[in-house]
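Notes follow the structure.
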There are 2 protein chains.
Amino acid sequence: MLTGVIDMLTNRQLLVLKVIIDDFIETAQPVGSRHIAKKDQVSYSPATIRNEMADLEDLGYLEKTHSSSGRIPSEKGYRYYVDHIMSPLQLSKNEVNQIRYSFSNRMMELERVMQNSAHILSELTRYTTIVLGPQVYETKLKQIQIVPLNNQSAIAILVTDKGHVEHRSFAIPGDLDQSDLEKTVNILNEKLAGVPIVYLSQLIETEVKYLLEKYTNDYQKSYELLNQAFFTEQPTNLYVGGKSNILAQPEFTNVERVRALFNIMENEEDIAPLLKATDEGLHIFIGHENKIEAMNKCTLMTATYSLGDNQYGTVALLGPTRMDYAKAVSILDLWSTQMSQSLQKWFNEQ
Amino acid sequence: MLTGVIDMLTNRQLLVLKVIIDDFIETAQPVGSRHIAKKDQVSYSPATIRNEMADLEDLGYLEKTHSSSGRIPSEKGYRYYVDHIMSPLQLSKNEVNQIRYSFSNRMMELERVMQNSAHILSELTRYTTIVLGPQVYETKLKQIQIVPLNNQSAIAILVTDKGHVEHRSFAIPGDLDQSDLEKTVNILNEKLAGVPIVYLSQLIETEVKYLLEKYTNDYQKSYELLNQAFFTEQPTNLYVGGKSNILAQPEFTNVERVRALFNIMENEEDIAPLLKATDEGLHIFIGHENKIEAMNKCTLMTATYSLGDNQYGTVALLGPTRMDYAKAVSILDLWSTQMSQSLQKWFNEQ
DNA sequence: TGTTAGCACTCAATACATCCGAGTGCTAAT
DNA sequence: ATTAGCACTCGGATGTATTGAGTGCTAACA
């Protein structure tokens, strides 16, 4: 369990640090020497514990809330705990099943899966969950459809090879020829199917424009239509679940602090870059390791999941620095493995 | 402005009640007699005001927070204010423009408009905004598309005549004949286009099943596919904006209370029925007039908007009972009028 | 030499007393 | 009918004492 002497810490210091952090994670109360000495795992007197605690404080792993209070872990303490002490928690049968089951579902659509995952993960962890859909550099256009609703309006539907559906309704430019509409769609499908969607607008400009000019009666109208229907900013597909779990944490009884956090989470522009920037694998950002001020009392734990083709999505848990790291790691790990497996089964078995 | 003697209240009582409620709505502080007497509109001494306030309290329109405090409006007071005293606020040029502009947008898709509206209304009012999409009894299927992604999966897309797009990916039943897939889609479109979507599943059972049996090679497979793709529960289309505005209200510094509210708003099943049940027009539910306990300190203001064809959607503002009723009414009024106009222009001009 | 008992000390939390002032209700004067 | 005057109320702020959980340090001990 305890991996012996690491850094400069003795085994006993490791033990004390672990017990304190475990206890604080559970109770959110400063931990005193007497309290520790009473635990089964510990066979020293309060006085001895006090000495060790004083040393751990000098080393920066513990803090006091006031001069005669018990100790709480510092951010450095959590960092050490996460890096060297904790071992992933064995998840309960029930927790494993819930995650597994959420992927066994026959309906398998990125949007729904992500939305659902955000929900389930937040239920299991009681933290806020953020799921960022995969980056779409490699996603290719599968098909374009245009469905006219009436004389004036129609819906353009883009389907990508990853099953993402984007739709947009638009006004049909006054008295556009019906056959021109059809021709336009045909030209689009012919030229654009299989094209990575990041190149879409570029290709419309270079290739499609010219074809439209040649084959449709009213080139100007068709082009106008295209612009209306397809110049859509890339949507960041972000799914947040269990936002209000934050309110249950004792460290967030201060409404102002909660407000600051909510503001961040309600702005995709604030939160998306945080997840996009993370490297592959599981990462933990403790307290001030988060650049955003409102998250200084929070831990953000991120993990990536893979669609193959070097395409990654990110999932994150946001909780207090006093997060149940062992459990969170296990859950995030299991989820991202399952997610990756499911996605690859769906999209890459040719 | 003041409509003379109503109920049993004298003009002066009306004036005092109005001034108190207006002031309390603004400041959230109990209003004292001295404070009122100083206002320009009021030309009586504090003592006189005190007498009137005592009477208004006896009648149940005002309350004290403690025996020597100023007065705050009771729920009955707000009700009276809303019904008889207040006059809609003249909106600023800027506010009107923001609402108008949000409809002038060329992109016109129900989902986006509603999402956008929830956002704008919450910005303008600083209350939480809930937009419930129109009930779809009359919505008809426009077209069905199936886009195969690869050998095993495909996406089914349903477009309704109101421009709503529903999509679902599904597994293609093992080695389903390609021509059978096409035939199935053709049969579906032929038989189901124009059908109100509430009857969809029924019609598949009665009419389509039989046709499939007749014209496709592997009837069983096609039918299996249909079931996978189209048996979708009716989604309640609910859009919430500015949830965290609640946190800015001084009456919600109590985290527990906020949590209760958030829980309600995060459950569609809780909040949707509230809006669905409202009658046409604008309605105000003050404090305990809301059945849900967590909303006992809130006012819910609902308004309906129309798509024609007797189809209604609902928009609502949720704020403290100390809501700026005059402004909220004006904004909701303007919005729902604009929304109705826009929708009817889009969907009913043939 | 590492461990622990003992003890003085610290400080947040709690309770309690006091004071202040905004606000009321009532009475008597205008 | 209105208002000035005044005694009274009570929440909130401020000050003080008490309590108890916890510490650091020292000296004794195995």
Side-chain angles (χ1 to χ4, degrees), chain A residues 5 8-17 19-21 23-24 26-74 77 250-251 253-254, chain B residues 5 8-17 19-21 23-24 26-74 77 250-251 253-254:
Chain A
V5 184
M8 338 270 303
L9 298 192
T10 66
N11 275 343
R12 193 165 69 190
Q13 283 174 322
L14 280 175
L15 176 65
V16 170
L17 185 55
V19 170
I20 290 180
I21 296 186
D23 197 88
F24 186 73
E26 198 182 324
T27 66
Q29 296 297 321
V31 186
S33 55
R34 239 179 85 82
H35 186 69
I36 295 180
K38 267 190 259 172
K39 303 227 168 192
D40 292 346
Q41 327 150 48
V42 179
S43 53
Y44 301 96
S45 73
T48 308
I49 304 295
R50 279 204 289 281
N51 288 331
E52 296 291 17
M53 292 201 297
D55 290 347
L56 286 168
E57 185 177 356
D58 289 343
L59 291 169
Y61 296 109
L62 295 179
E63 286 173 357
K64 287 194 271 196
T65 58
H66 59 89
S67 77
S68 71
S69 78
R71 301 304 205 291
I72 63 173
S74 68
E251 31 271 278
T253 40
N254 175 349
Chain B
V5 183
M8 339 270 301
L9 299 191
T10 65
N11 275 344
R12 194 165 66 190
Q13 284 174 321
L14 281 175
L15 174 66
V16 171
L17 185 56
V19 170
I20 289 179
I21 295 186
D23 197 87
F24 185 73
E26 199 182 324
T27 66
Q29 296 297 320
V31 186
S33 55
R34 239 178 85 82
H35 186 69
I36 295 180
K38 268 190 258 172
K39 304 227 168 191
D40 292 346
Q41 324 151 47
V42 179
S43 53
Y44 302 95
S45 74
T48 308
I49 303 295
R50 278 203 290 282
N51 289 330
E52 297 291 15
M53 291 201 297
D55 290 346
L56 286 169
E57 186 178 355
D58 289 342
L59 291 168
Y61 296 107
L62 294 178
E63 287 172 355
K64 285 194 273 196
T65 58
H66 58 89
S67 76
S68 71
S69 79
R71 301 307 204 292
I72 63 172
S74 66
E251 31 272 277
T253 40
N254 174 349

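The sequence lines fix the lettering, A, B, ..., with proteins before strands; numbering per chain opens at 1. These numbers were taken from a predicted model, which means no experiment stands behind them.
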* Crowding at CZ, R34(B) (>12 non-hydrogen neighbours, <6.0 Å) ->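 Not more than 12 within 6.0 Å, no.
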* State whether the number of non-hydrogen atoms from other residues, nucleotides or ligands found under 6.0 Å of E251(A) atom CD is greater than 12. =>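 It does: E251(A) CD has more than 12 such atoms within range.
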Would you give the length of the straight line joining atom [atom1] of [X] to atom [atom2] of [Y], rounded to the nearest 0.5 angstrom?
{"X": "Q13(A)", "Y": "L62(A)", "atom1": "CD", "atom2": "CG", "result": "10.0 Å"}
{"X": "K64(A)", "Y": "I72(A)", "atom1": "NZ", "atom2": "CD1", "result": "12.0 Å"}
{"X": "E57(A)", "Y": "R50(A)", "atom1": "CD", "atom2": "CZ", "result": "13.5 Å"}
{"X": "L14(A)", "Y": "L56(A)", "atom1": "CG", "atom2": "CG", "result": "8.5 Å"}
{"X": "I20(A)", "Y": "E52(A)", "atom1": "CD1", "atom2": "CD", "result": "10.0 Å"}
{"X": "R12(B)", "Y": "N51(B)", "atom1": "CZ", "atom2": "CG", "result": "8.0 Å"}

* If you walk 5' to 3' along DNA chain C, what is the first nucleotide with an atom under 4.0 Å of a heavy atom in chain A, and what is the last? ->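 Nucleotide range with atoms under 4.0 Å of chain A: dT3(C) to dA12(C).
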* Asked: Where along residues 32-50 of chain A does a heavy atom come under 4.0 Å from DNA chain C, residue by residue in number order?
  ->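 Heavy-atom cutoff 4.0 Å gives Y44(A), S45(A), A47(A), T48(A), R50(A).
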* Taking the side chain as every heavy atom from C-beta outward, state whether V31(A) and R71(A) have any atom pair closer than 4.5 Å. =>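 Result no, sub-4.5 Å side-chain heavy-atom pair not found.
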* Asked: Looking at side-chain heavy atoms only, is the closest gap between L15(A) and V42(A) below 4.5 Å?
  ->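 In contact.
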* Does anything in residues 63-73 of chain B reach DNA chain D, meaning a heavy atom under 4.0 Å, and if so which residues? ->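 Nucleic-acid contacts, sorted: H66(B), S67(B), S68(B).
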* For DNA chain D, whose closest nucleotide is more 5', that of N51(A) or that of P30(A)? ->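 Checking each residue's closest nucleotide, the 5'-ward one belongs to P30(A).
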